[in-house]
Amino acid sequence: MIHGERRDGLELFALKRAASTGAGSTMSFPWQDLRNLLTLLAVCGATFFAHADLFPVSRMEARNLVAAREMVQDGHWLIPTMNGSLRLAKPPLPTWLSAAAGLTVGNTGSLAALRFPSALAATFMVFAAYGLTGTILRNRRSAFLTAAVLATSYLTISSGRHATWDIFCHSFMLLALWAMVAGMNKTGPALIEAVLAGVFLGLSFMSKGPVSFFAMLLPFVLSYGFTFGWRALLARRREIALTVAALLVVALPWPLYVFTSVSGQAASTLQGEVAAWGSRHVKSLFYYANFPFMSGIWSLFAIAALLFPSAKQGTADPAGRKFCLIWLAAVLLLLSLTPEKKERYMLPAMVPLAMLVGGFLDGLIHEKVDQQGKTTTTLLRLHAGILALASLTVPAVAAYLLRSNFLAIKLSLVVVTGVYAALALGFASTLASVKAKRILALTIVLIAASGALLPPLASSAGLFRRTYSRLAAIRSESQVQGLELYYQGNVDERMVWHAGRHIAHWRDMRGMPTLPLAMLSRVPLATQPDGFEGQAVSIRLVASYCVDEPKCANILYLSIVEKGPVLGR
């Protein structure tokens, strides 16, 4: 900590925590608790890594996957492209990592490989939450519960399972915050921590620009200063300078290279991104009011933790609770003031929310049964009852959805039925004599089991809507190999990903097209396409593909347009 006789707020808070909990005076290096870390690693394996290739590709994710594939296939590493056009809207670090993962396994079409870096980033975020919480609150149990809640929250799981930018920038930022706080806790110079903080800040910038600086770093600094005092933040001027220097070394080279290589396109892209914050996806000021439900299975506890503290542990301590509430409120306020809003933008709020819930749950565990109030008991019973009912329902619903394919997956159903029946019995056993620790442990096991067991059954039941996935058949369509591929409408990035090749927009064509060419269309081509005026062409239908599997309500038609005297199919 800072030299001198005067102690800052965090140090006084830490001494108070150590005295009240019997914990050590510091937890800046939490790797001592191997059991907690191994448990968290197992949970992350189930929630982020298991069956990564089964989940459908979203349009946002497809942009990253296509750019990663073109890095490897076309060599566009420093100036990324997407569908053959420059892709400068986002920094390339997540794309580099996905491309490197695909290159490592020798298959840039492997979803499991391309999504591996994002799952790893989500795991780092969980470990960083464990370390940061323990460093600030000096309570290893609160730290573990915080990390477990974060690892099993809906929005974290959704972000960690898809190769998008948000999980990277916020994961690196949380690692930077942990390094900063660990450095401020040292009694002497914290040069290593300062460099690490700067490197992680630079990696965050290289993942999504200044987004996490605005949505996570600024709220954290405000919360830390107002809770524990500004002296510790401002006194380490040498460390701050070193952090800034490391940040610039990591973050500046790529933007400078881009602006010197393709300055016009870079400036235009930057202007477009800035304008987009006020014009695209504009939502109400209260769009993020549903943030407690982004924690998924922990929603009841999230609402309760926001309304009142539990017992005298965790973030129920005035300083710890104040810190988490200010951090969370600052995140939500800054996000709400920005016109452009999306559900995934709430990811930075999940960290302080998980800290609040983790501290609240720690209080529930600490309370003795005869000391639990009516509200606490009712909350635990309601949570356990809902999950007991859900555990009984899951195998029945799975058997019904898979009834036509029951023989092929009967072993999986037997396993799922056994696991969820055991979980239902476990939850039911807690209803009479409420045992908070058992309920929370069963909740974590339930989420981990769902991540490990349910995706294959959901995929077999057709619950995943796989838009444009049938277009993958184009890759093996010999008749269109070597031909330019066009589409008459707006090209969706998922089309490009599944087709495995560039798809040009027909209106973007310059001059007379070279025949023959391949054309995708929403209806079979029965008339001569625009652009062939004065030419005799023939149109030959090659194949058709479902757009939205498994419903197949929309179809894309693949045709070959070639020279010929006869117009027809």
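Positions are given from 1 along the sequence. A quick note: this is a predicted structure, and the numbers were derived from the prediction, not measured.
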Over 12 non-hydrogen atoms of neighbours within 6.0 angstrom of [atom1] in [X]:
X    : atom1 : result
I192 : CD1   : no
Y154 : OH    : no
K437 : NZ    : no

How about [X] and [Y]: do any of their side-chain heavy atoms sit closer than 4.5 Å?
X    : Y    : answer
W298 : L361 : yes
F427 : R438 : no
F200 : V250 : no
L217 : L201 : yes

- Query: So, Y420 versus S450: side-chain donor-acceptor pair below 3.5 Å or not?
  - Reply: yes
- Going by atom types alone, do T443 and H383 pair a side-chain donor with an acceptor below 3.5 Å? yes
- Verify salt bridge (charged side-chain N to carboxylate O under 4.0 Å, His left out) between R115 and E61, making sure each step is shown before the conclusion. CA-CA 10 Å; R115 286 170 169 169; E61 183 184 26; 2.7 Å; yes
- Message: Just to verify, which of R236, K186, R238 counts as forming a salt bridge (Lys or Arg N to Asp or Glu O under 4.0 Å) with E193?
- Response: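 Of R236, K186, R238, salt bridge (Lys or Arg N to Asp or Glu O under 4.0 Å) with E193 is met by K186 alone.
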- Query: Applying the side-chain contact (heavy atoms from CB on, under 4.5 Å) test to M173, which of F168, F213, W178, F220 qualifies?
  - Reply: F213
- Task: Check whether the ring centres of F144 and Y130 lie less than 6.0 Å apart, and answer yes or no.
- Result: no
- Pairing residues for R63 by the side-chain contact (heavy atoms from CB on, under 4.5 Å) criterion, not counting sequence neighbours: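 Here the qualifying residues are R59, M60, M82, R87, W165, E493.
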